[in-house]
Asks: 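To start, I am sharing the structure in question, which I have written as structure tokens.
Everything numeric here is computed off the predicted structure, so don't read it as measured data. Every chain is numbered from 1, with letters handed out A, B, ... down the list of sequences.
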Amino acid sequence: MSTRERRKYDPQEIETRWQQRWTEDGLYDAVIDEGREKLYCLTMLPYPSGDIHIGHWYAMVPSDARARFKRMQGYNVMFPIGFDAFGLPAENAAIKRNVHPKEWTYQNIENMRRQLKTMGAMWDWHREAISADPEYYRWTQWFFLQLWKHGLTYRKNSAVDFCPNCNTTLAREQVIGNDRKCERCTTTVIKKELEQWFFRITDFADDLLDFSSLDWPQRVQTLQTNWIGRSEGARVLFKSEGGDPIEVFTTRPDTLWGATFMVLAPEHPLVEKITSDEQRATVTTYAEQAVRQTEIQRLSLERDKSGVFTGGYAINPVNQEKIPIWIADYVLMGYGTGAIMAVPAHDQRDFEFARSHGLEVRPVVDTGGPLSGDEMDAATTERGAMINSGSLTGTPGEEAVTRTIAWLEEREAGESAINYRLRDWLISRQRYWGCPIPMIHCPMCGPQPVPEPQLPVLLPDDIEWRPTGESPLKYHPTWRLATCPECGGDAERETDTMDTFMCSSWYHYRYLSPDYHEGPWDPRELAYWMPVDVYTGGIEHGILHLLYTRFFTMALHRMGIVDFSEPKIQLRNQGTILGEDSEKMSKSRGNVVAPDDLVGRYGADCVRAYIMFFARWEQGGPWSPTGIEGVARWLHRTWSLLTEEATSATTGDGERELRRKIHQSAQGVTRDFEDFQFNTVISTLMELTNALVAAKSAGLAESSAFEEGTELLLKMIAPIAPHMAEELWALRGHEDSVHIQSWPEADSEAAKEELFTLVVQVNGKVRDKIDATIDLGESEALALALGSESVRRHLEGREPKKVIYVPGRLINLVG
RNA sequence: GCGAAAGUGGCGGAAUUGGUAGACGCGCAAGAUUCAGGUUCUUGUGAUCGCAAGGUCGUGGGGGUUCGAGUCCCCCCUUUCGCACCA
């Protein structure tokens with residue numbers, strides 16, 4: 001105690017010194033240790049945009065603190081970091097400032113690495129991986145080739161989403177909202193007919209719907225489930241009068257007899273053929289208009305069901321009835337087969353369409369409503385017994401779908417089918433700064449994979465990166481020239497690069513062994529560390545990254561490359577820090593909070609603690625410049641508590657109470673850390689500090705309870721304010737680091753209350769509070785209650801009719 | 001329209017299973033220290049009536065269950081976020 005120095009708390013000095021020391025000591029190096037349970041904790045990797053902003057801190061600090069907590073609990077924790085370094089912003093910056101994308105990216109990485117280090121997180125920098133490094137993207141290409149070998153990637157010409165501003169195609173997931181905007185730049189995307197590479201993510205639709213082995217937020221599960229959009233029903237084959245097959249998907253095959261017309265999407269390939277000469281001009285005009293509408297915006301909230309008759313007819317396979325074929329923009333080419341059977345009596349959209357175009361409405365399900373189409377004023381969608389349905393008439397509602405499907409299958413007119421909203425993942429990008437697709441196009445042999453020993457296919461540095469809508473690699477004088485690996489003839493390289501979501505789908509594998517050259521990872525590291533145990537990041541990746549990364553590991557699993565099928569077991573999402581004005585932070589609004597400034601003013605420990613304290617982590621909220629002062633005061637108070645001599649040295653009472661507070665705090669902090677409830681971790685520790693300060697001035701500074709309390713406080717602060725805790729730990733004479741101490745085990749005996757405040761209610765209202773011992777029995781409690789002057793007054797002389805006694809809490813007298 | 005989450009002081013937010021609503025912090029007020037202070041410390045701080053003791057009201061609104069509801073049930077309102085003619 002006497003060796004304690006009296007020093008001012010100087011966070012900057014302490015933080016720089018300890019960061020250096022930790023690096024020298026390799027304190028945070030994650031090393032395989034079969035004797036300890038591993039825990040792979042991971043935060044979504046940053047994009048090297050230029051500066052670390054407060055949002056990075058918000059994402060990273062709490063997960064770092066929790067990883068530290070887990071490490072103190074005895075887990076062998078790995079907490080790596082890297083950079084998602086390919087991508088459009090580098091090219092955009094390059095165009096704007098005339099600097100090479102590579103240079104821009106790597107300069108930013110250097111700057112951000114420096115900024116990240118001021119955070120004092122327990123990252124193992126030896127495991128850093130950068131997706132734009134050739135040794136990284138070599139393996140991204142290798143994975144592409146494995147997918148190719150197993151038939152999980154293919155090339156297809158189709159109408160794809162293209163962002164005219166980013167000058168590249170996009171995956172379906174990157175097109176946002178009803179008005180179809182680019183996920184990156186919010187430009188409305190257009191459709192283009194292009195030959196592009198796809199990954200067969202739809203092969204994994206059902207696997208992706210299974211979250212049973214995961215501890216993921218319900219919200220993300222719902223997001224992904226809705227995105228995948230599985231619906232069960234039947235595929236039914238209609239034929240045009242000319243005999244062309246028109247396949248439809250329906251979830252209600254039991255309503256087939258009520259199909260009174262068909263509707264095709266305006267872009268449907270058969271439209272041209274079935275349209276009659278009289279209708280051709282009308283149909284062409286409508287189709288052109290519909291296409292233009294998708295290009296502009298379909299905003300009208302009151303969407304009237306527009307459409308035109310093609311002049312063609314189809315035969316309903318269940319009753320050979322001839323029904324008219326219409327086109328309408330409410331049928332989408334991108335979903336199902338782009339054609340529907342319209343059952344106006346039992347589908348509201350079809351109903352509205354039928355009413356506005358004078359088409360027949362024929363009920364075929366008895367839902368208790370009117371049984372004549374003319375009398376209906378809306379479609380009835382409930383299940384019910386089949387009517388007007390040939391031999392199936394009378395089939396009860398519960399069996400209607402299955403029996404109709406059986407009936408269709410017997411007659412080979414249709415079959416049970418499952419339809420998904422999910423599309424295959426389009427990964428081609430017509431941009432320079434990405435991972436080259438390792439394929440060679442041979443005029444004789446077709447697309448051929450680059451032989452594995454030739455990997456990586458290096459991105460050339462000497463490039464004109466202006467965007468044209470085609471890959472800049474195409475304009476390189478020599479890069480694309482290659483020989484066919486199959487026939488040795490002249491061939492051309494694929495000049496598109498991969499979607500960067502491909503690079504980030506597997507980065508957690510590269511962290512295992514970033515310097516390994518024999519494969520994407522060192523198998524021993526993989527066997528020990530994978531899968532990721534705790535994954536944290538923003539909800540904005542709920543569909544994109546988090547769906548792709550699951551697909552990636554599922555594909556590896558199916559290809560026999562790994563023996564697990566989910567990459568990340570537990571997932572938690574943090575919210576967003578808003579500006580003081582409760583708006584999203586942006587330079588143009590001028591409401592950006594710069595972490596570097598805060599670190600300079602308050603120190604990293606204080607910023608860390610405030611970030612954990614100021615809001616519910618999963619929720620986020622507006623930044624408060626005064627709020628951080630309270631946390632700064634707390635840290636200073638803690639510093640003084642542990643460094644300044646007590647003024648009163650007499651031994652006082654209250655050790656038992658102090659120990660109770662200490663161990664109750666340990667219980668609370670442990671539980672809240674476990675549950676990602678960081679704000680209450682801090683508030684509990686503040687209470688403990690306050691209790692220790694009070695105990696100190698009450699003369700308990702020399703007591704063993706006080707010693708115990710300060711020791712526990714330091715250990716529990718260590719994950720939050722690692723530098724300050726380390727400094728105070730050292731000042732107490734410890735040789736080893738506070739960060740390798742065992743997490744305090746709460747003594748539940750010590751935490752137990754001996755006294756409690758008996759709440760005395762009369763008719764459910766609190767009328768008195770009386771201190772009592774915890775083992776107070778009911779009769780004693782009643783006696784205490786009846787002895788209360790206030791209780792007597794509120795009973796107004798009546799005898800309580802009923803007494804409810806909750807031991808250790810309250811007594812309620814009902815009179 | 002469908003789905004999800006959320007509504008608690010002036011503010012951010014606490015409240016294991018239904019059992020003292022408002023922990024902790026900000027802000028505010030008064031006082032102390034200070035040449036000074038956007039420092040530090042102490043005290044107070046849901047609203048309302050009252051000199052006080054004490055009372056009444058109070059967790060978006062309405063109803064219900066219960067001895068007792070922020071917490072459970074029903075209806076409604078608001079906000080945020082997803083999806084959006086999904087056949």
Asks: Report the residue from A/Leu813, A/Ile811, A/Val803 that forms a side chain to side chain contact (heavy atoms under 4.5 Å, CB included) with A/Leu786.
Replies: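 With A/Leu786 as partner, A/Leu813, A/Ile811, A/Val803 yield a single side chain to side chain contact (heavy atoms under 4.5 Å, CB included), made by A/Leu813.
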Asks: Rounded to whole angstrom units, what separation is found between the CZ atom of A/Arg637 and the P atom of B/G25?
Replies: 6 Å
Asks: I want to check one thing: is the phosphate of B/A14, taken as OP1 and OP2, less than 4.0 Å away from some side-chain N or O of A/Arg616?
Replies: yes
Asks: Is B/C85 paired to anything, Watson-Crick or G-U wobble with both distances less than 3.5 Å, and if yes, which nucleotide?
Replies: none
Asks: Rounding to the closest angstrom, what is the interatomic distance between B/C26 and B/U78 at atom C1'?
Replies: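 Per the computed distance, 27 Å lies between those C1' atoms.
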Asks: Do A/Thr680 and A/Asp672 meet the criterion of a side-chain donor-acceptor pair at a distance under 3.5 Å?
Replies: yes
Asks: Suppose we define a pair by two distances each less than 3.5 Å, Watson-Crick or G-U wobble; what does B/G7 pair with here?
Replies: B/C77
Asks: Got a donor-acceptor pair under 3.5 Å from the side chain of A/Asp329 to the base of B/C85?
Replies: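 Looking at the base of B/C85, it does pair with a donor or acceptor on the side chain of A/Asp329 (distance under 3.5 Å).
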Asks: A/Tyr610 vs A/Phe613 aromatic rings, parallel, tilted or perpendicular, using cut-offs 30° and 60°?
Replies: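 Tilted.
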Asks: In whole angstrom, give the distance that lies between atom CZ of A/Arg230 and atom C1' of B/C83.
Replies: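 Nearest whole value for this atom pair: 19 Å.
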Asks: Indicate whether OP1 or OP2 belonging to B/G13 is found under 4.0 Å from a side-chain N or O atom of A/Gln619.
Replies: yes
Asks: Quick one: look up who B/U56 pairs with, Watson-Crick or G-U, both distances under 3.5 Å, and put none if it's unpaired.
Replies: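 Checking every strand shown, B/U56 finds its partner in B/A47, with both distances under 3.5 Å.
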Asks: Syn or anti for B/G9, taking syn as within 90° of 0?
Replies: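 B/G9: syn glycosidic orientation.
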Asks: Please give the nucleotide sitting opposite B/G13 as a Watson-Crick or G-U wobble pair, both distances under 3.5 Å, or none.
Replies: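 Check on B/G13: unpaired, no WC or wobble geometry under 3.5 Å.
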Asks: Do you know the tightest heavy-atom contact between A/Pro344 and A/Ala379?
Replies: O-CB, 3.6 Å
Asks: Please report, rounded to the nearest Å, how far the P atom of B/C81 is from the CH2 atom of A/Trp227.
Replies: 18 Å
Asks: Less than 4.0 angstrom between a side-chain N/O of A/Arg349 and OP1 or OP2 of B/C86, yes or no?
Replies: yes
